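Please read the structure below before turning to the comments.
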Amino acid sequence: MERITVDIVSDVVCPWCYLGKARLELAIAEVQDEIGVDLNWRPYRLNPDIPPEGVDHKAFLEAKLGGSETVARAHGALTQLGQEVGIAFNFDAITVGSNTLDAHRLLQWAMVEGREVQDRVVTALFKANFEQGRVVGDHAVLADIAVEAGMDRTVVENLLAGDADKDTVLAEIDAAQKMGVNGVPFFIIDGQYAVSGAQMPDVLANALREIAQLKAEARKGMI
């Protein structure tokens with residue numbers, strides 16, 4: 001069985017990233033008998049200028065997207081797309097637009113403990129923001145999510161209280177932008193193939209199959 005690594009550049013307050021995650025999981029389920037897939041979550045900030053304490057989410061979105069009608073249309077479309085893949089978007093529950101730097105730091109620390117831990121944390125962050133209306137820039141919320149994923153609360157709280165890995169996260173975002181990532185989700189497959197946007201599961205499954213085949217052929221050529 002071929003193994004493929006997928007690096008997912010995303011932000012936990014990006015609804016299309018949550019949708020892209022669910023669609024990728026469906027694609028992985030489709031190819032799981034043929035291909036092993038390892039996921040790494042990479043940081044991106046859609047709204048880097050939001051202050052640490054957050055902003056009024058409704059007012060911020062209306063200013064960014066051009067009014068309440070545009071926001072309502074976007075939320076309606078996303079709610080329907082979410083239902084198709086098991087996401088219960090609850091946009092009315094989101095009152096605070098969060099700065100996500102600390103959420104990305106938490107994901108860095110989760111990765112140290114393993115891909116499964118990181119996946120549990122990113123799933124909980126998306127769910128917290130989009131389904132439960134919890135503030136994913138709040139340190140208490142982040143510590144709770146860390147504990148739920150099996151991490152040590154005291155360690156996480158101490159790390160969040162300082163500046164640990166802020167530079168690492170920001171440098172990684174900068175590197176992604178220099179590489180041409182200007183929208184998320186952005187999937188980097190096996191370090192060399194790029195798929196942009198929340199593609200449908202069959203598109204992602206086909207991409208995984210094609211790259212696994214290329215990898216197998218390249219290895220045969222080396223033997």
Side-chain angles (χ1 to χ4, degrees), residues 5-22 24-25 28 37-58 60 82 85-176 184-186:
T5 301
V6 180
D7 290 278
I8 309 154
V9 185
S10 86
D11 197 358
V12 297
V13 293
C14 163
W16 291 100
C17 294
Y18 195 11
L19 193 65
K21 176 182 185 293
L24 177 62
E25 286 167 351
I28 290 170
V37 182
D38 297 318
L39 302 181
N40 301 321
W41 289 89
R42 303 297 187 188
Y44 194 86
R45 292 201 295 168
L46 283 179
N47 308 304
D49 297 329
I50 286 181
E53 66 274 15
V55 293
D56 180 299
H57 180 68
K58 186 171 180 287
F60 177 82
V85 291
I87 296 172
F89 280 117
N90 184 5
F91 292 105
D92 290 340
I94 308 170
T95 56
V96 176
S98 296
N99 180 305
T100 56
L101 179 57
D102 289 336
H104 288 304
R105 289 203 293 155
L106 177 59
L107 284 168
Q108 289 267 346
W109 306 327
M111 186 58 179
V112 174
E113 300 197 20
R115 286 193 172 100
E116 286 186 11
V117 176
Q118 191 188 46
D119 196 68
R120 286 200 293 270
V121 170
V122 80
T123 299
L125 285 166
F126 277 126
K127 191 177 282 286
N129 184 69
F130 285 111
E131 299 186 34
Q132 300 162 345
R134 293 159 78 192
V135 182
V136 293
D138 184 281
H139 285 187
V141 171
L142 293 175
D144 286 345
I145 285 171
V147 171
E148 289 160 17
M151 298 174 72
D152 184 283
R153 179 184 292 276
T154 304
V155 170
V156 169
E157 285 176 341
N158 288 338
L159 286 167
L160 285 170
D163 292 330
D165 290 314
K166 281 185 180 178
D167 289 346
T168 306
V169 170
L170 294 173
E172 201 168 322
I173 294 169
D174 186 53
V184 286
F186 192 90

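Keep in mind it's a predicted model, so treat the numbers as computed, not measured. Index from 1, following the sequence.
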Quiz item: Looking only at atom types and distance, does a side-chain atom of Arg120 sit under 3.5 Å from a main-chain N or O of Ile145, one as donor and one as acceptor?
Solution: no
Self-check item: Evaluation steps, side chain to side chain contact (heavy atoms under 4.5 Å, CB included), between Gln108 and Glu172
Solution: CA-CA 11 Å; Gln108 289 267 346; Glu172 201 168 322; 3.1 Å; yes
Practice problem: Taking all non-hydrogen atoms of both residues into account, name the closest pair between Ala164 and Trp109 and its distance. | Solution: O-CZ2, 3.6 Å
Quiz item: Between the side chain of Asp38 and the main-chain N/O of Thr5, is any donor-acceptor distance below 3.5 Å?
Solution: no
Self-check item: Step-by-step side chain to side chain contact (heavy atoms under 4.5 Å, CB included) determination, Asp7 to Leu39
Solution: CA-CA 6 Å; Asp7 290 278; Leu39 302 181; over 6 Å; no
Exercise. Please indicate whether Glu148 has more than 12 foreign heavy atoms, meaning atoms of other residues, nucleotides or ligands, lying under 6.0 Å from its CD.
Key: yes
Exercise. State, to 0.1 Å, how close Cys17 and Ser10 come at their nearest heavy-atom pair, and which atoms those are.
Key: SG-CB, 3.5 Å
Self-check item: Minimum heavy-atom distance between Asp102 and Lys166, given as atom pair plus value
Solution: OD1-CE, 4.1 Å
Self-check item: Residue pair Val13 / Pro15: nearest heavy atoms and the distance that separates them
Solution: O-CD, 3.5 Å
Quiz item: For Ala146, does its backbone N or O pair with a side-chain atom of Arg153 as donor and acceptor, under 3.5 Å?
Solution: no
Exercise. Answer yes or no: does atom CG of Asp92 have more than 12 heavy-atom neighbours from other residues, nucleotides or ligands under 6.0 Å?
Key: no
Quiz item: Checking Asp138 side chain against Val141 main chain: does a donor-acceptor pair fall under 3.5 Å?
Solution: yes
Exercise. Keeping the roles fixed (side chain from His139, backbone from Ala161), state whether a donor-acceptor pair exists under 3.5 Å.
Key: no
Self-check item: NZ-CH2 distance between Lys21 and Trp41, expressed to the nearest 0.5 angstrom
Solution: 5.5 Å
Quiz item: Within the side chain of Asn99, is there an N or O that forms a donor-acceptor pair under 3.5 Å with the backbone of Leu101?
Solution: yes
Exercise. Verify, without hydrogens or angle tests, whether Asp152 (side chain) and Val155 (backbone) share a donor-acceptor contact under 3.5 angstrom.
Key: yes
Self-check item: Heavy-atom pair of closest approach, residues Glu53 and Val96
Solution: O-CG1, 4.2 Å
Exercise. May I have the step-by-step check of side chain to side chain contact (heavy atoms under 4.5 Å, CB included) for Asn40 and Ile8, ending in yes or no?
Key: CA-CA 6 Å; Asn40 301 321; Ile8 309 154; over 6 Å; no
Practice problem: Kindly indicate, with the supporting measurements, whether the criterion side chain to side chain contact (heavy atoms under 4.5 Å, CB included) is fulfilled by Asn47 and Phe60. | Solution: CA-CA 10 Å; Asn47 308 304; Phe60 177 82; 3.6 Å; yes
Quiz item: Sub-3.5 Å donor-acceptor pair from the side chain of Asp11 to the main-chain atoms of Leu46, do we have one?
Solution: yes
Self-check item: Minimum-distance pair of heavy atoms, taken over all atoms of Arg105 and Leu159
Solution: NH1-O, 3.2 Å
Quiz item: Side chains of Lys58 and Thr95: donor-acceptor distance under 3.5 Å anywhere?
Solution: no
Practice problem: Have a look at Leu142 and tell me which of Val147, Leu125, Val156 forms a side chain to side chain contact (heavy atoms under 4.5 Å, CB included) with it. | Solution: Leu125
Would you give me the side-chain donor-acceptor pairs under 3.5 Å for residues 126-134, sequence neighbours excluded?
| unit_1 | atom_1 | unit_2 | atom_2 | d |
| --- | --- | --- | --- | --- |
| Lys127 | NZ | Glu131 | OE1 | 3.4 |
| Glu131 | OE2 | Tyr18 | OH | 2.5 |
| Gln132 | OE1 | Arg134 | NH1 | 3.1 |

